[in-house]
Amino acid sequence: MEQRALGRSGLVVSRLALGTMTWGRDTDEDEAAMQLTAFVDAGGTLVDTADVYADGESERTLGRLLADVVPREDVLVATKAVGRTRTGAMGRGASRGHLLNALDASLERLGLDHVDLWQLHSWDEHTPLEETLAALDTAVSSGRTRYVGVSNFTGWQTAQAATWQKAWPGRAPIVSTQVEYSLLQRGIEREVVPAAEALDIGVLPWSPLGRGLLTGKYRHTTPSDSRGAHAQWSPFVDGLRSKDTDRVVEAVCTAAQGLHTVPLAVALAWLRDRPGVVAPVVGARTAAQLQVSLDAEEVTLPAAIRFALDEVSAPHTSYPDRRPG
């Protein structure tokens, strides 16, 4: 698997990342072990989790696998904080107290003395940004993380955080932004991607398969074993469904048929080589599902197909994203 620098940093990661949101909930430890083994055997290195995934079970599962299944030195561990992990006013958010406590708790669940990438899971409008970013500096200077990033930030939030860190020598630079991005969700191209490129930040897309819609499995029905049929997840999947979505999915399926591959591979190949993108974060409930994503590493889209997909999925833009005239 090709390796890429994460932003303008010395951290080099695989161009596909393994997401673990289902681990400890929908994916048991044996299945997770098969996923991690297949991922590392394919050349993958970046494994992404968060303190809120399955109430911490995702981190615990990953920690046990790094102790018993895959050597720690073969994996780059990324986790996140900001989300609610306990009750009370200080149980969530981007305050110095919550963030550093959350990082210590993540390290304990993972069984590690440091993570490779620690990310702010979301923006916190109730905490001064300088306090939040000072906590990132502390995390790096104390050795608890090697690099820091953000997630689900808007364009101006990304730019403000990154510029603050660049303004004074010695601050920990923002090296990554993890945001939803796919053929069905291209809104970040308006401001987040330009901000990331201007400030040397690598983009890590989550839900690169359009919440599962780009696999084509929802074209005619909703499979009973899919997230779309699950009461907890159906609103998430349905949030992207529309007539425009149907046109994009049909275009992806047509391209896959012409290339003798699967729609998933077309969608991943399109995203993987977009400007600013370093590594789409692919999650799976089973090792068999993950293997389909790993096989997509062999797929390269012809220019004509890439252009057609660009056109059919183009996001609406207007002033000031697109100047009049």
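- Considering only residues two or more places apart in sequence or on other chains, W270 meets the ring pair (Phe, Tyr, Trp, His ring centres under 6.0 Å) condition with none of them.
- Of the charged side-chain nitrogens involved, at least one lies within less than 4.0 Å of a carboxylate oxygen, so that K166 and D200 count as a salt-bridged pair.
- For Q3, the CD atom sits in a packed shell: over 12 heavy atoms of surrounding residues, nucleotides or ligands are nearer than 6.0 Å.
- Within the structure, the salt bridge (charged side-chain N to carboxylate O under 4.0 Å, His left out) test picks out the following pairs touching residues 77-98 (sequence neighbours left out): D48-K80.
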Go through it in stages, so that I can follow the logic: the residues are D310 and R274, the test is salt bridge (charged side-chain N to carboxylate O under 4.0 Å, His left out), and I'd like the CA-CA distance, side-chain angles, deciding distance and then a yes or no.
CA-CA 10 Å; D310 288 351; R274 295 294 293 172; 3.2 Å; yes
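- Taking D295 as the reference, Q291 meet the side chain to side chain donor-acceptor pair (under 3.5 Å) condition, with sequence neighbours excluded.
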Starting from the C-alpha separation in whole Å, work towards a yes-or-no answer on side chain to side chain donor-acceptor pair (under 3.5 Å) for W23 and E59.
CA-CA 8 Å; W23 289 15; E59 289 182 328; over 6 Å; no
From CA spacing to verdict: side chain to side chain donor-acceptor pair (under 3.5 Å), T245, S242
CA-CA 5 Å; T245 290; S242 68; 3.2 Å; yes
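- Among residue pairs with one or both ends in residues 34-46, none qualify as salt bridge (charged side-chain N to carboxylate O under 4.0 Å, His left out); sequence neighbours excluded.
- To the nearest 0.5 angstrom, D137 atom CG is 13.0 Å from W168 atom CH2.
- Looking at residues two or more places apart in sequence or on another chain, you find a side chain to side chain contact (heavy atoms under 4.5 Å, CB included) between V52 and A50, T85, H121.
- N152 CG to E180 CD: the interatomic distance, rounded to the nearest 0.5 Å, is 8.5 Å.
- For the side chain to side chain contact (heavy atoms under 4.5 Å, CB included) test, residues two or more places apart in sequence or in another chain that qualify with E191 are D321.
- Taking a cutoff of 4.0 Å between a charged side-chain nitrogen and a carboxylate oxygen, D55 and R109 do not qualify as a salt bridge.
- A94 meets the side chain to side chain contact (heavy atoms under 4.5 Å, CB included) test with V82, L99, D124, T132; sequence neighbours excluded.
- Atoms CZ and CG, from R15 and L268 in turn, are 10.5 Å apart once rounded to the nearest 0.5 Å.
- Partners of D273 by side chain to side chain donor-acceptor pair (under 3.5 Å), not counting sequence neighbours, listed by chain and number: R4.
- Considering only residues two or more places apart in sequence or on other chains, E57 meets the side chain to side chain donor-acceptor pair (under 3.5 Å) condition with R60.
- For W164, there are no ring pair (Phe, Tyr, Trp, His ring centres under 6.0 Å) partners at least two apart in sequence or on another chain.
- Looking at E31 and R285, no side-chain N of the basic residue comes within less than 4.0 Å of a carboxylate O on the acidic one, giving no salt bridge.
- With sequence neighbours left out, the side chain to side chain contact (heavy atoms under 4.5 Å, CB included) criterion links A196 to T177, I201, V203.
- In the hydrophobic clustering, L117 connects to L6, L11, V13, L46, L76, Y147, V175, L204, V278, V281, either directly or through intervening members, whenever side-chain heavy atoms lie under 4.5 Å apart.
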